[in-house]
Amino acid sequence: MNPNLITIDLDAIQHNFGTLRELAGESALICVVKSDGYGHGLLSVAGALSDAGAKWFAVAHLEELVSLRNASFEQRILILPGIMPSEAAMAVENDATVALYRADVAHALSEVAMRLGRLARCHIKIDTGMSRLGVLPHEFHDFLEEVRVLPGLAITGAFSHFAVADVPGQRKTTEQFAAFADVVQAEAERLPELHIANTGGILGQCCCGLPLARAGIGLYGTPPADGWECADMLRPAMRFSSSLLSVKTIPAGATVSYGATHLCANETRVGVVPVGYDDGYPRSQPGGGVMLVRGRRVPVLGRVCMNLTMVDLSEAPDAEPGDEVVVLGRQGDESILVSELARRAGVITYEILCALGKQNPREMCAQI
Ligand SMILES: Cc1ncc(COP(=O)(O)O)c(C=O)c1O
């Protein structure tokens, strides 16, 4: 039996929703549950958020929206990257709110909406500095006039996305907000659903009184990057545990793992953990990795393999095969936060959560 287990704390997700909602002030939260709820499980996360009062979700694909509708979620659901014209029928049938920045998509949505006798809801996406999706600020008014006249389209909002809001106090964030406010101000009455802030924006109080704000990573218990003092207000929602597959003592002078990069200066008690890069555990951790055994931090020895990782059990000399190993989360008085794991691997927390959550068996619980 696979001993690897991701445990998701749905209480923590509800707690984080409440915390972010307070920080967002007047702005209601659009809960970003894309990419399988950042690896935490789309439907379970949406259920917990719905119970906590969420009125909006945001997803990355039409398929995610259809999964939510099939599970009877009635919230408004924004498809953040928009859709292809060929997806218009499915979007309208499933009452999507589509990020809109292409005229051909607007025409396709209008045609379908008229045929089905339904409304095609849209938020116009404005590119204020990400250079990713959206019409440029100077194109906004012409685009709005072009699509607004199309029958069946309900253009109820507009949004943009911050590029550097994960770092507190950046001038570019203020500039992006100003550019957004500048073009939407005159339309605020006809476009009541305006939003720009992500988690960084919410933590940095950059929702700026807009009616909506999009919360992603914060819901899952971590700020978007290091350096946020209010990080303690969030509760980690993911724990990843395994168990020791083998324990043995190797002699001084032995090397560990591929490449023989680790040379044991002394006799060493080595534990083998059935977790590797195929399970989403980062292979590259230049300063070394760490796991928890018997409530102690035990360093990773040598290279992480595809399905196995070796740890030095000197700090947990009584450890035995079958003992729990914590890769992410708390064990006893010790814990490994996703921010630590991300820092060790030189990646962002988002990558770690998505990869671990996607590649391991998952169990939901009320508290971890
Ligand atoms: C358009 C958009 N809005 C909101 C979010 C949520 O951002 P965060 O997870 O930093 O809150 C994302 C995340 O990638 C995004 O792409």
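First listed ligand is number 1; within each ligand, the first listed atom is number 1.
Salt-bridge annotation for Asp323 and Arg294: present, with a side-chain N of the basic residue lying under 4.0 Å from a carboxylate O of the acidic one. Classification of Glu187 and Arg148 as a salt-bridged pair holds, one side-chain N sitting under 4.0 Å from a carboxylate O. Between Asp9 and Arg235 a salt bridge is recorded (basic side-chain N to carboxylate O distance below 4.0 Å).
The distance from ligand 1 to the heavy atoms of Gly216 drops below 4.0 Å at these ligand atoms: 8 (P), 9 (O), 11 (O). Within the listing of ligand 1, atoms 8 (P), 9 (O), 10 (O), 11 (O) sit less than 4.0 angstrom from a heavy atom of Ile217. The contact set between ligand 1 and Tyr350, taken as ligand atoms under 4.0 Å from a residue heavy atom, comprises 8 (P), 9 (O), 10 (O). Ligand 1 places these atoms under 4.0 Å from at least one heavy atom of Arg132: 1 (C), 16 (O).
The shortest heavy-atom contact between Leu80 and Ala99 is O-CB, 3.2 Å.
Residues in residues 40-69 take part in these side chain to side chain donor-acceptor pair (under 3.5 Å) pairs, two or more places apart or across chains: Ser50-Gln75.
Of all protein heavy atoms, the one closest to atom 11 (O) of ligand 1 is Thr199 OG1, 2.6 Å. Protein heavy atom nearest atom 14 (O) of ligand 1, with residue, atom name and distance: Lys34 NZ, 2.7 Å. The protein atom (non-hydrogen) at minimum distance from atom 3 (N) of ligand 1 is Arg214 NE, 2.7 Å. For atom 2 (C) of ligand 1, the nearest protein heavy atom (residue, atom name, distance) is His161 CE1, 3.3 Å.
The distance criterion of under 3.5 Å between nitrogen or oxygen atoms is not met by Lys125 with respect to ligand 1. Remark: ligand 1 and Gly218 share no N or O pair separated by less than 3.5 Å (distance only, no angle test). The distance criterion of under 3.5 Å between nitrogen or oxygen atoms is not met by Ala215 with respect to ligand 1.
The shortest heavy-atom distance from Tyr38 to ligand 1 is under 4.0 Å.
Looking at Asn198, Val32, Leu203 and measuring to atom 7 (O) of ligand 1, the nearest heavy atom belongs to Asn198.
Inter-residue side-chain proximity for Phe159 and Arg214 is flagged as met; some heavy-atom pair is nearer than 4.5 Å. Side-chain contact between Thr7 and Leu5 is present, with heavy atoms from C-beta onward closer than 4.5 Å.
Relative ring orientation between Tyr350 and Tyr38 is described as tilted, the plane-to-plane angle lying within the 30° to 60° band.
Of all the heavy atoms of Met130, none lies under 4.0 Å from any atom of ligand 1, so neither backbone nor side chain is involved.
Ser243 contributes no side-chain N or O that, together with a main-chain N or O of Glu324, makes up a donor-acceptor pair within less than 3.5 Å.
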